[in-house]
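Worksheet for the structure shown next.
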Amino acid sequence: MPIVVYNTRTGSKAPLEPIEPGHIKMYVCGITAYDYCHIGHARSALVFDMIVRYLRYRGYRVTFVRNFTDIDDKIIKRAQEQNTTCEELSERFIRLFHEDMARLGVAPPTLEPKATEHVGEIIALIESLIARGLAYQVGNDVYYKVERFAGYGALSGRSLDDMQAGARVSVNENKAHPMDFALWKGSKPGEPTWESPWGPGRPGWHIECSAMSRKYLGDTFDIHGGGKDLVFPHHENEIAQSEGASGRPFVKVWIHHGFVTIKDEKMSKSLGNFLTIREVLEKYSAEVLRLFVFSTHYRNPLDYSESAMNDAAAGLDRLYAALAEISQLPEEGKNGATSAINAKDREKLTALEARFQQAMDNDFNTAQAMAHFFEAVKTMNKVRQALPAAPAEGDLALLRESAATLRQLAAILGLLTEEPATYMAAKKSALLAGLAITEAEIESLIAARNQARKEKDFARADAIRDELLMKQIEIKDSPTGTTWSVKAF
RNA sequence: GGCGGCGUAGCCAAGUGGUAAGGCAGUGGUCUGCAAAACCAUUAUUCAGCGGUUCAAAUCCGCUCGCCGCCUCCA
């Protein structure tokens, strides 16, 4: 069964068929490096990280290019404000971006090219567009002539007439058509400058992606991605540039993910409702954020809230707790003992990977894929509890294999990457650190309570339990002894 | 004004023609001295509303209402 992917350009899903068999070439628009990254950037990084990992898991070789925009109006402005150079500013935020990605566990792309390192390619591309009559020089600027490109508007589903009707198209006396966009901008004093046939200047925003994708992936490649807000004008303009210059189709499949919203509004600087990745990671682990991000389909909006994050944290704990229990099962079972697992449960466990693939093959449906994780965990818990004192070797093996499969699949989403027992212990001690009681005190109170229970002094036993509960310690009696955990909130 | 998307239980969310996944929260039960955890059961005769197509629709079509996004930098 092929992987089916939604293509923005066609507005429908179609099987993914790489141009070069077994090899997917993908380009994703990265950040403009002038500020801290917010959780919208995190979603983008996480979604494409998941896609790359899944494609590799399915046996594809993936060449993944994600660029940095390191020269741009915003960078120039911010650098001036901070009394620094564009180079220093962008290098600083690229470094911070890498830190964020490392903390999120995002695998590095194959290549991370920067616009300023490809000015030569950019100039060559602009020259060929001028030669083909698709671009024109005005003063020290060069503009793309949108009316000369027949397919303009095909990606975003709008026509030049529609857009002219809109009141928000800026009027520029230099442009032949209001929708023409800059390929090259003559520089003003104090701005970073490169020499060009049109005088000193710098690249426009869109041209860098056309130049870099062509250099590393060729005229035509498989997947181009980014946030929904890049559909127009950025990606529309990239198509015009790349296809205009090469005369060949630019991209087979366009993948665009939805926004992160807060109270159902898009995060934006102007609304002041954005949260940086670091702010979120102060409160929640990377895996909690990942579980939250993957709990909805990548094309839908994702509304951030504390309660949504807490739900995600509770869900993650549930998965880890089940795995930790299985890791503590006896090493060896009874050979030849009859299985305590019924056919239905056995099937549920053995079918996990097939169901996961089915969900993910359908346009990377992570929400459905994770539902299968939770169902598998439910079955694992059920089976584990039903195990007799001397469980069959085969049953133990099935549980261990299921747990291993679950972790392997979850790793594609960057989840359950920690050793479950370690995760539970670390969580416990992290919570304990914030409490007014030590582990030794807890242990001694539990010992006292168990003594009381032995003597059937339940009033005293309950008093001790209540005392512990007051200190956020919850206890759990089992045939093998009493364990405890820290109760959140 | 143009274009596009969304509206599924208390909350989040999958399902895009065959009779409503999953998570969080809640309730009842099993277990327990009592609890907790886990498990089992249960929580939408119904998918914003109204029409239409069909043997069959949350899923397709039309209209209405509500929310959001893009058209300007934006993940």
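So that the names make sense, note that chain A is the first sequence line, chain B the second, and so on, each numbered from 1.
- For the pair L316(A) CG and rG22(B) P, the interatomic distance rounds to 20 Å; values are reported in whole Å.
- Between the CD1 atom of I473(A) and the C1' atom of rA35(B) there is a distance of 16 Å, given to the nearest Å.
- Judged by distance alone with a 3.5 Å cut-off, a donor-acceptor contact links the side chain of R449(A) to the base of rG33(B).
- The side chain of R465(A) places no N or O atom within less than 4.0 Å of a non-bridging phosphate oxygen (OP1 or OP2) of rA36(B).
- The CG-C1' distance, from L230(A) to rC73(B), rounds to 11 Å in whole Å.
- Taking atom CG of residue L160(A) and atom C1' of nucleotide rG1(B), one finds them 17 Å apart after rounding to whole Å.
- The distance from atom CD of Q385(A) to atom P of rA36(B) is 14 Å, rounded to the nearest whole Å.
- Residue K266(A) has a polar side-chain atom (N or O) positioned under 4.0 Å from OP1 or OP2 of rC70(B).
- Contact annotation: R299(A) does not reach the phosphate of rC68(B) (side-chain N/O to OP1 or OP2, under 4.0 Å).
- In this structure, of rA75(B), rC70(B), rA36(B), it is rA36(B) that holds the atom nearest to the side chain of E474(A).
- Place F374(A) and N381(A) on RNA chain B by their nearest nucleotides, and F374(A) ends up nearer the 5' end.
- In this structure, Q451(A) places its CD atom 17 Å from P of rG33(B), rounding to the nearest Å.
- Ion pairing of E347(A) with K344(A) is absent here, as no side-chain N (NZ or NE/NH1/NH2) approaches a carboxylate O to less than 4.0 Å.
- Residues satisfying the salt bridge (Lys or Arg N to Asp or Glu O under 4.0 Å) test with E467(A), not counting sequence neighbours, are K471(A).
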Protein heavy-atom contacts under 4.0 Å, written 5' to 3' over nucleotides 12-17 of chain B as B (base), S (sugar-phosphate only) or - (none), form the string -SSS--
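- Listed nucleotides: rG33(B), rC24(B), rC40(B). Nearest to the side chain of K382(A): rC40(B).
- L291(A) has its CG atom 16 Å from the P atom of rG22(B), to the nearest Å.
- Between the base of rC34(B) and the side chain of D477(A) there is a donor-acceptor pair shorter than 3.5 Å.
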